[in-house]
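Quick notes on the structure that follows.
Just the heavy atoms: all of them, side chains too, but no hydrogens, waters or symmetry mates, feed the values below. No experiment lies behind these values; they were computed from the predicted model shown. Residue numbers count from 1 along this sequence.
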Amino acid sequence: MKILKYLLIFVPISFIAKFMGVSDSWMFILSCLSIIPLAGLMGEGTEEISFYSGPKIGGFLNGTFGNATELIISFFALKQGLFEVVKSSIAGAVIGNILLVVGASMLAGGLKYKSQKFNVKVSDVSSSMLLFAVIGLCIPALFTHTVDPALLNTRYEGLSIFVAIVMFIIYVLSLFFSFSTHKHIYTETDSGEEHKAKWSLPKAILILVIATVFIAIESEFLVSGIEAITQTLGWSEFFVGIILIPIIGNAAEHSTAVVMARKDKMDVALEIAIGSSLQIILFVAPILIFISQFFIPMSIVFNQFELIALIASILIVNKVAHDGESNWLEGVQLLSVYLIIAASFFIL
């Protein structure tokens, strides 16, 4: 994780480059290199706060701020009307968490341990919720792709808002479920390790706020360079949204999951990946739909390949996680599917 701190040098470099009028393509690259360590700093700040707030609140904050980078980047893309980038980044975040992060975690942990066990009850609840969330996210798209466009009327425009409201309500209820009525399912066992906060609470909060502000600025630089980088390198907006932005925004969170797997804490690794995916669908996506109403309303309709990739990812991870045990081969299988999906979007 130390390498992330060295990357912080790109933050002042990006500001200098912007002042000197460097091309949008270079600003895209510099902002990418800046956001990765800033996201890591944000994650470290929430981890330090968890020592004062307790593990459950800390885990919730870590998941929330872990997706804050994605939300901020998507907000600026939304302002510029880059709806395909926003929607593909939502799909990409879910696919990346489920296939790339879970796959890398199972592979990394499996190379050290013959097999790793995790809480089946928690994974079943999370996987079922994820399946529901993806189905809810896909229904508007399936509706438009199967119904004759001539039959659609103006009332359809409100469907995305209705789905977003339902998703947000489910998100709130899921928090009540895990923090109140069924918190016993999520009870963590003591690992026997002693951990102490490195920062004071005011310092942790200050660093979290500063990192968030700089991520917002760098996100604007990044979004302004998307069109330039796609034209320069010949990449599609789908590839940028579904592969690059999720990896950049969640790089620190992804590395944390792999580290946890190497420590034989597969429960934590899965919670990071699946919990983050749930929050993307049930919280980030609805918030973006609500925000878009102040600019140009964005629908929640995904293209056919995004739908297939989302549903296939959920079905695969449900199959892999159903027995409460993982190994390196399952990790390789998940990573292979991710690489195939990434290659497909690359050639679009």
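Remark: Lys203 pairs with Trp199, Ser200, Ile207 by the side chain to side chain contact (heavy atoms under 4.5 Å, CB included) rule, at least two apart or across chains. The ring pair (Phe, Tyr, Trp, His ring centres under 6.0 Å) test applied to Phe239 returns Trp235, Phe346, not counting sequence neighbours. Residues that satisfy the side chain to side chain contact (heavy atoms under 4.5 Å, CB included) test with Leu208, not counting sequence neighbours, are Met42, Thr46, Ile49, Phe65. Shown here are the side-chain hydrogen bond (donor to acceptor under 3.5 Å, both in side chains) partners of Lys79, two or more places apart in sequence or in another chain: there are none.
Put simply, Met106 and Leu329 are part of the same group of oily side chains (I, L, V, M, F, W, Y) that touch within less than 4.5 Å, one to the next. When hydrophobic clusters are built by joining Ile, Leu, Val, Met, Phe, Trp and Tyr residues whose side-chain heavy atoms come closer than 4.5 Å, directly or via intermediates, Ile165 is grouped together with Phe283. Val258 and Ile274 sit in two unconnected hydrophobic clusters of ILVMFWY residues. Membership requires side-chain heavy atoms under 4.5 Å apart, directly or through other members. No continuous path of ILVMFWY side-chain contacts below 4.5 Å connects Ile314 to Ile340, so the two sit in separate hydrophobic clusters. In the hydrophobic clustering of this structure, Phe83 groups with Leu307; members are Ile, Leu, Val, Met, Phe, Trp, Tyr whose side-chain heavy atoms approach within less than 4.5 Å, directly or through other members.
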Q: Evaluate side-chain contact (heavy atoms from CB on, under 4.5 Å) for Ile242 paired with Glu306, printing each intermediate quantity in order.
A: CA-CA 9 Å; Ile242 209 161; Glu306 286 170 334; 4.2 Å; yes
Q: Given side-chain contact (heavy atoms from CB on, under 4.5 Å), test Asn97 with Val102 step by step and report yes or no.
A: CA-CA 7 Å; Asn97 278 319; Val102 175; over 6 Å; no
Q: Please test Ile139 against Val163 for side-chain contact (heavy atoms from CB on, under 4.5 Å), starting from the C-alpha separation and ending with a verdict.
A: CA-CA 9 Å; Ile139 284 176; Val163 172; 6.0 Å; no
Q. Does the pair Ser313 and Val337 meet the rule for a side-chain contact (heavy atoms from CB on, under 4.5 Å), with working shown?
A. CA-CA 8 Å; Ser313 301; Val337 176; 5.6 Å; no
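For the pair Glu218 and Ile72, the minimum side-chain heavy-atom distance is 4.5 Å or more. Looking at Asp24 and Glu227, their side chains never come closer than 4.5 Å, going by heavy atoms from C-beta outward.
Smallest separation of non-hydrogen atoms from Leu335 and Leu100: CD2-O, 3.6 Å. Taking both residues in full, the closest heavy atoms of Leu334 and Ile98 are given as CD1-O, 4.2 Å, listed atom of the first, atom of the second, then distance. The two atoms that bring Pro246 and Gly92 nearest to each other are CG-C, 3.6 Å, heavy atoms only. The minimum heavy-atom distance linking Ile289 with Met298 is given by the pair CD1-O, 3.3 Å. Gln116 approaches Gly110 most closely through the heavy-atom pair OE1-N, 3.7 Å. Of all heavy-atom pairs between Leu288 and Phe75, the closest is CD2-N, 4.1 Å.
To the nearest 0.5 Å, atom CZ of residue Phe132 and atom CD1 of residue Ile281 are 10.0 Å apart. Atom-to-atom distance recorded for Phe15:CZ and Met20:CE is 15.5 Å, nearest 0.5 angstrom. Between Ile226 atom CD1 and Ile245 atom CD1 the span is 4.0 Å, to the nearest 0.5 Å. Atom CD1 of Ile16 is separated from atom CZ of Phe10 by 12.0 Å, given to the nearest 0.5 angstrom. Interatomic distance, OG of Ser14 versus CD1 of Ile35, reported as 9.0 Å (0.5 Å rounding). To the nearest 0.5 Å, atoms CE (Met27) and OG (Ser224) are separated by 6.5 Å.
By the 6.0 Å contact criterion, CZ on Phe76 is enclosed, its count of non-hydrogen atoms from other residues, nucleotides or ligands being greater than 12. Counting non-hydrogen atoms of other residues, nucleotides and ligands closer than 6.0 Å to CZ of Phe162 gives a total of 12 or fewer. By the 6.0 Å contact criterion, CD on Gln80 is enclosed, its count of non-hydrogen atoms from other residues, nucleotides or ligands being greater than 12.
Screening Ile308, Leu99, Ile243, Leu310 for a side chain to side chain contact (heavy atoms under 4.5 Å, CB included) involving Ile341 leaves a single residue, Leu99.
Evaluation of the side chain to side chain donor-acceptor pair (under 3.5 Å) test over residues 327-343, restricted to residues two or more places apart or in two chains, returns none. Applying the side chain to side chain donor-acceptor pair (under 3.5 Å) test to residues at least two apart or on different chains, the pairs with a partner in residues 25-40 are Ser25-Thr232.
Judged by distance alone, with hydrogens and angles left aside, the side-chain atoms of Ser88 form a donor-acceptor pair with the main-chain N or O of Val85 at under 3.5 Å.
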